[in-house]
Amino acid sequence: MAIEMHPHRTGDNDGDVVDAEVIDVEEPSRAERAKAWAADSRTRATAAFAEQRGRVAQRLQMWFATADVTDEHLAEQIERKRRLAQRGKEAEVRGRIKTLQAQLRAASPEEAAGIGVQLAGTGSQLDLIAGDADADRMKVDDRSLSRARWAKKAGRLASAIGVVVVYLNVMTAEPMAALAAIGAAPFGWWYLSRPLIDDTTVPDQTGPVDLTKNPAGIVMVVDQETGEVVPAEAAPFVPDTLADLGRVSLQKRESGRVQGESDLVTALVKAGIITEAQRDETHLAGVIQPSGPGWTATVELPRGVKASAAVSRVEDLASAMRIKKSRIEISADTSEEGHEGRFVLWVADEDNPYGTDRHPSELINAPSWDFWQQGVPLGADARRNRHTLHLIWFSLLVGGLMGYGKSYLVRLVAAAAALDPTVRIIVITGKTGPDWAPLRHIAHQWIAGATPEIIRKVLGVMNTTIEEMQDRGTELDRLYEEDPELVPEGKITPDLAKKGMGPVLLVVDELQELLDGAALVQVPVDDDRDPEAGGRVKTRSGRDLMVEGFARYVRVTRFVGGMGAFITQRPDADSVPTKLREVCAKRASYRVKGDRSSKMVLGDDAVANGAAPHLLTEASRGVVVLDQGSDDGHVTLKADVIDLPQFKEICLRGRQLREEAGTLTGDAVDYGKIHAAEATARGLLADCLAVMDHDGVDRIRTQRLVELLQLQYPLRYGELAPASLQAQLRDAGAGTTRKLGAIDGMANPNGYTREQLADAARK
């Protein structure tokens with residue numbers, strides 16, 4: 001029994017209590033309280049379950065309706081697929097072109113006409129495919145988006161049906177396994193019944209509007225004015241960020257505070273590229289997106305701020321982003337949409353995006369090369385894009401510190417020229433050594449050293465070469481008068497090159513040694529006497545004459561196929577004379593110390609536009625900054641590698657190509673008389689290995705080997721007899737024939753094994 005006290009007031013207006021009334025209240029029993037609690041629990045559980053069912057249904061409906069996939073994402077996927085398909089077609093056509101080119105080189109005159117027609121048609125296909133990249137059909141229209149969305153819906157429905165079918169099959173075959181799988185049902189129900197908006201992910205309503213994803217994948221934002229959470233479609237446009245797109249952060253995990261456009265602009269402010277007052281005027285052109293092993297963004301600077309302001313502050317930006325400067329590349333936007341206030345930023349995922357591996361050049365195994373059409377395959381940039389150098393009509397200057405790869409880069413140029421029998425090569429190096437010795441097998445002129453006698457020889461060779469090239473110009477004038485179609489632009493053509501007027505490549509190494517040696521030489525300029533010098537013969541510094549000779553060669557021989565590749569180790573005003581640098585349209589620099597040295601090699605404009613070999617590190621061996629002197633600007637890449645033994649093999653193949661074409665001239669003819677036997681032996685061994693590999697055998701009878709050689713190389717081995725082949729292979733170091741065991745229906749004939757010939761080729 002419970003007693004409740006209620007006050008009882010009198011009729012007095014002051015409301016004072018004069019007495020109290022006692023009322024008895026019946027207390028509910030324990031059973032009644034339990035029953036009431038159970039009813040309340042059932043009500044709450046029913047309401048909670050109904051709410052969960054609603055969430056699950058809504059989440060599944062949204063998933064099947066692909067509400068979590070935006071049109072932007074679908075468009076991105078469609079365009080990516082189309083681009084990949086276009087690249088695949090292009091690669092396939094390029095492969096056919098290479099095959100046809102190889103067939104054309106080995107074809108008879110009768111077969112060549114038909115192959116040429118196929119090659120022309122395939123080239124047209126390549127042009128059409130390349131044009132597709134910019135065609136209207138690459139754009140994503142509403143119909144394509146609709147089809148893509150329905151395809152995704154159908155895929156999700158098929159996935160759900162597939163799961164049900166698999167579960168029913170498992171239940172039929174393994175009931176216990178099916179029952180065990182039911183244990184996952186509570187977790188699945190919990191996952192699907194989570195709140196559609198997680199309170200922990202709602203941004204601070206007092207801060208700027210931020211973009212976030214709830215667990216269901218629906219993009220929600222906080223409306224600044226109302227403070228309500230609404231779908232992104234109903235909110236003002238906010239630029240995409242890395243978090244929204246599911247892409248990599250701008251930095252490594254330990255410094256991952258920069259997450260999108262806002263933080264990137266903050267980094268630009270901290271780097272001093274823009275001011276805080278200019279923040280709102282700075283934005284991205286497009287979105288931050290992956291590019292190779294890193295990400296890229298195109299930044300629109302405020303009006304009046306030049307892209308060069310960002311290019312010159314790479315180290316400041318790296319500090320602001322808390323990453324190493326080696327991970328950043330900045331260049332002015334030279335695209336059609338670009339302008340002086342826009343730059344392209346690329347940031348690598350790793351501190352050394354070029355890696356430490358050496359990539360062998362494709363020239364190592366190439367039987368021949370078209371220097372005119374195929375250029376020089378150089379290597380890949382940090383984004384894994386391959387680059388080719390076309391040197392016809394141009395010259396190349398290469399500088400940088402010792403030991404970083406300058407000779408390897410020019411070796412690629414020389415190797416490509418060596419495999420083209422129409423190219424004449426002249427080598428001038430300021431020191432003796434093995435670096436360029438393999439070119440003695442094919443070089444028209446080969447000079448090494450920096451003594452006074454050699455300096456005078458170099459000057460003489462340059463004068464003679466320039467005179468010969470000017471004679472070509474006279475011949476071009478005559479041809480133009482007789483038949484203008486032969487010389488359509490007043491320059492040599494591939495057809496004229498094949499008829500004896502081929503390109504001339506001048507390779508000059510150790511330029512600084514040559515100039516230092518030439519500075520000690522005084523050269524008489526004519527037979528006149530200088531009255532002011534007591535009647536002595538007038539002389540000039542050999543250095544001045546050498547610089548003028550190299551520069552004049554580049555200037556006056558360009559239109560008749562003259563090319564130069566100049567290498568120097570000390571990039572300063574003395575070793576890289578301005579007169580020579582300015583006529584070299586293409587320039588490359590390995591690591592140097594300071595932007596002043598970078599400008600000595602690449603020029604002020606290239607460095608102002610972002611070329612930065614002075615930012616390369618000790619780990620950047622083999623990495624070169626190449627400015628090709630065009631609107632494309634510069635590129636930083638890791639050059640391919642050809643080792644010295646491989647370079648010698650290439651030069652020996654080049655000699656054989658020149659002997660067959662009748663273009664072996666000058667010093668190489670005399671040098672070849674001494675080393676002809678070695679070259680012939682190596683060529684024979686290489687041919688034998690090639691035909692065995694083509695036939696897919698590792699042992700072969702002598703007679704069969706002769707037949708394969710005559711079939712594959714009829715011009716070289718048309719009259720070859722088995723006895724003669726055995727003698728030549730014995731002289732080449734392969735030894736005598738061996739017993740091969742059962743082969744070609746014979747019990748144990750004599751012949752050669754591939755291992756035997758390969759061992760001889762490696763000696």
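Side chains are part of it too, since the values below use all heavy atoms of this structure and drop only hydrogens, waters and symmetry mates.
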Not counting sequence neighbours, which residues clear side chain to side chain contact (heavy atoms under 4.5 Å, CB included) with Ala686? List them please.
none

Are there over 12 heavy-atom neighbours, none belonging to His390, within less than 6.0 Å of that residue's NE2?
yes

Carboxylate-amine/guanidinium proximity below 4.0 Å for Lys638 and Asp357:
no

If we ignore angles and hydrogens, is there a donor and acceptor under 3.5 Å between the side chains of Asp509 and Trp436?
yes

Test side-chain hydrogen bond (donor to acceptor under 3.5 Å, both in side chains) applied to Asp333 and Ser335, step by step
CA-CA 6 Å; Asp333 187 357; Ser335 66; 2.7 Å; yes

Less than 3.5 Å apart, which donor and acceptor atoms pair up between the side chains of residues 406-419 and the rest of the protein, not counting sequence neighbours?
unit_1 : atom_1 : unit_2 : atom_2 : d
Lys406 : NZ     : Leu401 : O      : 3.0
Arg411 : NH1    : Ile642 : O      : 2.7

Looking at residues at least two apart in the chain, or sitting in another chain, which of them share a side chain to side chain contact (heavy atoms under 4.5 Å, CB included) with Gln712?
Val691

Is it true that His387 and Asp381 share a donor-acceptor pair across their side chains at a distance under 3.5 Å?
yes

Chi angles and distances behind the salt bridge (charged side-chain N to carboxylate O under 4.0 Å, His left out) call for Asp640, Arg358
CA-CA 7 Å; Asp640 295 339; Arg358 292 155 56 98; over 6 Å; no

Residues which pass side chain to side chain donor-acceptor pair (under 3.5 Å) with Ser620, listed by chain and number, not counting sequence neighbours
Thr617

Got a sec, which residues hit side chain to side chain donor-acceptor pair (under 3.5 Å) with Asp759, two or more places apart in sequence or on another chain?
Arg762

With sequence neighbours left out, the residues meeting side chain to side chain contact (heavy atoms under 4.5 Å, CB included) with Ala608 are none

Please lay out, stage by stage, how Val607 and His634 fare under the test side-chain contact (heavy atoms from CB on, under 4.5 Å).
CA-CA 9 Å; Val607 176; His634 69 278; over 6 Å; no

Contacts of type side chain to side chain donor-acceptor pair (under 3.5 Å), residue Lys593, not counting sequence neighbours
none

Going by an N to O cut-off under 4.0 Å, is there a salt bridge joining Lys586 and Asp627?
no

Name the atoms and distances for all side-chain donor-acceptor pairs under 3.5 Å in residues 458-468, with sequence neighbours left out.
unit_1 : atom_1 : unit_2 : atom_2 : d
Asn463 : ND2    : Leu459 : O      : 3.3
Thr464 : OG1    : Gly460 : O      : 3.0
Thr465 : OG1    : Val461 : O      : 2.8

Just list the side-chain donor-acceptor pairs under 3.5 Å for residues 550-558, sequence neighbours left out, or say none.
unit_1 : atom_1 : unit_2 : atom_2 : d
Tyr553 : OH     : Val504 : O      : 3.0
Tyr553 : OH     : Met563 : N      : 3.2
Tyr553 : OH     : Met563 : O      : 2.9
Thr557 : OG1    : Tyr553 : O      : 2.4
Arg558 : NE     : Trp393 : O      : 2.7

Is there a side-chain contact between Phe343 and Ser331 (heavy atoms, below 4.5 Å)?
no

Are any non-hydrogen side-chain atoms of Ile330 and Leu317 less than 4.5 angstrom apart?
yes

What pairs of residues pass the salt bridge (Lys or Arg N to Asp or Glu O under 4.0 Å) test when at least one of them lies in residues 598-622, not counting sequence neighbours?
Arg591-Glu618, Glu618-Arg621

Residue pairs involving residues 395-404 (criterion salt bridge (Lys or Arg N to Asp or Glu O under 4.0 Å); sequence neighbours excluded)
none

If the condition is side chain to side chain contact (heavy atoms under 4.5 Å, CB included), which residues does Asn352 pass it with, not counting sequence neighbours?
Tyr354, Thr356, Ala619

Restricting to non-hydrogen atoms, name the atom on Arg472 and the atom on Gly500 that form the minimum distance, rounded to 0.1 Å.
NH2-O, 4.2 Å

Would you say Thr296 and Gln289 make side-chain contact, with heavy atoms under 4.5 Å?
yes

At their closest point, which heavy atom of Val592 faces which heavy atom of Gly400, and how far apart are they?
CG1-CA, 3.8 Å

Regarding Gln512 and Thr568, is there a side-chain donor-to-acceptor distance under 3.5 Å anywhere?
yes

Could you give me the CA-CA distance, side-chain angles and deciding distance for Leu505 and Arg424, then say whether side-chain contact (heavy atoms from CB on, under 4.5 Å) is met?
CA-CA 6 Å; Leu505 173 65; Arg424 175 179 290 186; over 6 Å; no

